[in-house]
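Notes follow once the structure below has been shown.
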Amino acid sequence: SAPASTLTLTYGAQTLALGVEQTSASLGRDAGNELVIADKMASRVHCKIEYRRGNFFLVDQSTNGTYVTVAGDAEIMVKREQFMLRGRGVISLGHASTAAGAEIVSFASG
């Protein structure tokens with residue numbers, strides 16, 4: 001299949017599109033992030049999503065890890081490493097997406 005050219009992140013009323021035009025975004029509690037996540041478990045700069053050669057990588061930089069669920073797969077915890085995002089799914093910063101108080105970021109590639 002052809003590589004995805006865009007990745008859309010949705011958090012609450014915020015939507016961010018990554019791809020050739022904007023190749024990276026950081027997520028976290030700090031106001032300087034492209035997506036500011038109001039979750040007490042999130043680090044100030046929690047993770048980055050980077051577009052490289054047609055693929056989107058989530059790069060964790062956090063204390064508590066980033067929990068990623070790709071639709072159809074079990075949730076995984078990414079900590080101090082990177083994970084290639086594909087298809088669609090959800091991201092939760094610092095704890096499982098099912099945890100009480102978890103703020104959910106949705107992603108969809110296309």
Side-chain angles (χ1 to χ4, degrees):
S1 61
S5 55
T6 58
L7 182 78
T8 305
L9 300 170
T10 308
Y11 171 61
Q14 303 175 75
T15 300
L16 188 62
L18 295 181
V20 179
E21 302 288 319
Q22 182 174 345
T23 55
S24 71
S26 57
L27 287 68
R29 270 194 349 254
D30 192 86
N33 291 291
E34 278 79 19
L35 274 184
V36 179
I37 312 298
D39 191 322
K40 66 184 188 302
M41 294 295 287
S43 295
R44 286 189 298 276
V45 179
H46 194 96
C47 64
K48 286 195 162 110
I49 296 173
E50 298 176 351
Y51 177 65
R52 298 188 226 128
R53 296 185 298 281
N55 292 309
F56 293 92
F57 293 91
L58 182 143
V59 184
D60 176 76
Q61 303 169 304
S62 72
T63 306
N64 298 314
T66 303
Y67 291 74
V68 183
T69 310
V70 174
D73 291 354
E75 184 170 67
I76 62 147
M77 195 251 274
V78 180
K79 190 163 181 185
R80 304 280 173 192
E81 58 186 352
Q82 61 179 25
F83 177 77
M84 195 178 100
L85 298 173
R86 62 184 197 280
R88 57 180 61 240
V90 295
I91 298 165
S92 177
L93 306 188
H95 46 179
S97 59
T98 52
E103 296 286 331
I104 304 300
V105 179
S106 301
F107 68 88
S109 58

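Computed from heavy atoms alone, side chains included, the values below leave out hydrogens, waters and symmetry copies. Owing to the predicted nature of the structure, the values given are computational and were not obtained by experimental measurement.
- Here the side chains of Thr10 and Thr15 are in contact, with some heavy-atom distance below 4.5 Å.
- Between Glu81 and Met77, the closest heavy-atom pair is OE2-O, 4.0 Å.
- Taking every heavy atom of both residues into account, Phe107 and Leu9 meet most closely at CB-CD2, 3.7 Å.
- Of all heavy-atom pairs spanning Val68 and Phe83, the tightest one is CG1-CE2, 3.8 Å.
- Nearest heavy-atom pair, Leu7 versus Ser109, reported as atom, atom and distance to 0.1 Å: CD1-CB, 3.7 Å.
- Two different hydrophobic clusters hold Val59 and Ile76 under the rule that ILVMFWY side chains link at heavy-atom gaps under 4.5 Å.
- For residues 55-73, the pairs satisfying salt bridge (charged side-chain N to carboxylate O under 4.0 Å, His left out) are Asp73-Arg86, with sequence neighbours left out.
- The closest donor-acceptor contact from the side chain of Glu75 to the backbone of Ser97 lies under 3.5 Å.
- Atom CZ of Arg52 has more than 12 neighbouring heavy atoms from other residues, nucleotides or ligands inside a 6.0 Å radius.
- Hydrophobic cluster membership is shared by Leu85 and Leu35, with clusters built from Ile, Leu, Val, Met, Phe, Trp and Tyr side chains linked at under 4.5 angstrom.
- When the options Ile37, Ile49, Ile104 are evaluated for a side-chain contact (heavy atoms from CB on, under 4.5 Å) with Ile91, the one that passes is Ile49.
- Taken to the nearest 0.5 Å, the CG atom of Leu93 stands 8.5 Å off from the OG atom of Ser43.
- Rounding to the nearest 0.5 angstrom, the gap separating the SG atom in Cys47 from the OH atom in Tyr67 is 13.0 Å.
- Annotation: side chain to side chain contact (heavy atoms under 4.5 Å, CB included) contacts of Glu34 (sequence neighbours excluded): Leu16, Gln22, Ala25, Ser26.
- Tyr51 and Val78 end up in the same hydrophobic cluster when Ile, Leu, Val, Met, Phe, Trp and Tyr side chains are linked at under 4.5 Å.
- Side chain of Arg29 to main chain of Ala38: no donor-acceptor pair is present (N/O by atom type, distance under 3.5 Å, no hydrogens or angles).
- Within the 3.5 Å criterion, the main-chain N or O of Thr63 finds a donor-acceptor partner in the side chain of Lys79.
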Next item on the list: Apply side chain to side chain donor-acceptor pair (under 3.5 Å) to the pair Asp39 and His95, showing each step before the final yes or no.
Entry: CA-CA 10 Å; Asp39 191 322; His95 46 179; 2.9 Å; yes
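- Here CZ of Phe56 is found 7.0 Å from OG of Ser5. Values are rounded to the nearest 0.5 Å.
- Placement of Val70 and Leu58 within a single hydrophobic cluster is found when ILVMFWY residues are connected by side-chain heavy-atom separations under 4.5 Å, directly or transitively.
- Nearest heavy atoms, Ala96 versus Ala102: O-CB, 3.6 Å.
- Side-chain atoms of Thr6 come within 3.5 Å of backbone N or O of Gly110 as a donor-acceptor pair.
- A donor-acceptor pair is defined here as one N or O able to donate and one able to accept, closer than 3.5 Å; such a pair exists between the side chain of Asn33 and the backbone of Arg44.
- Sparse packing is recorded around CZ of Arg88, with 12 or fewer heavy atoms of other residues, nucleotides or ligands lying under 6.0 Å away.
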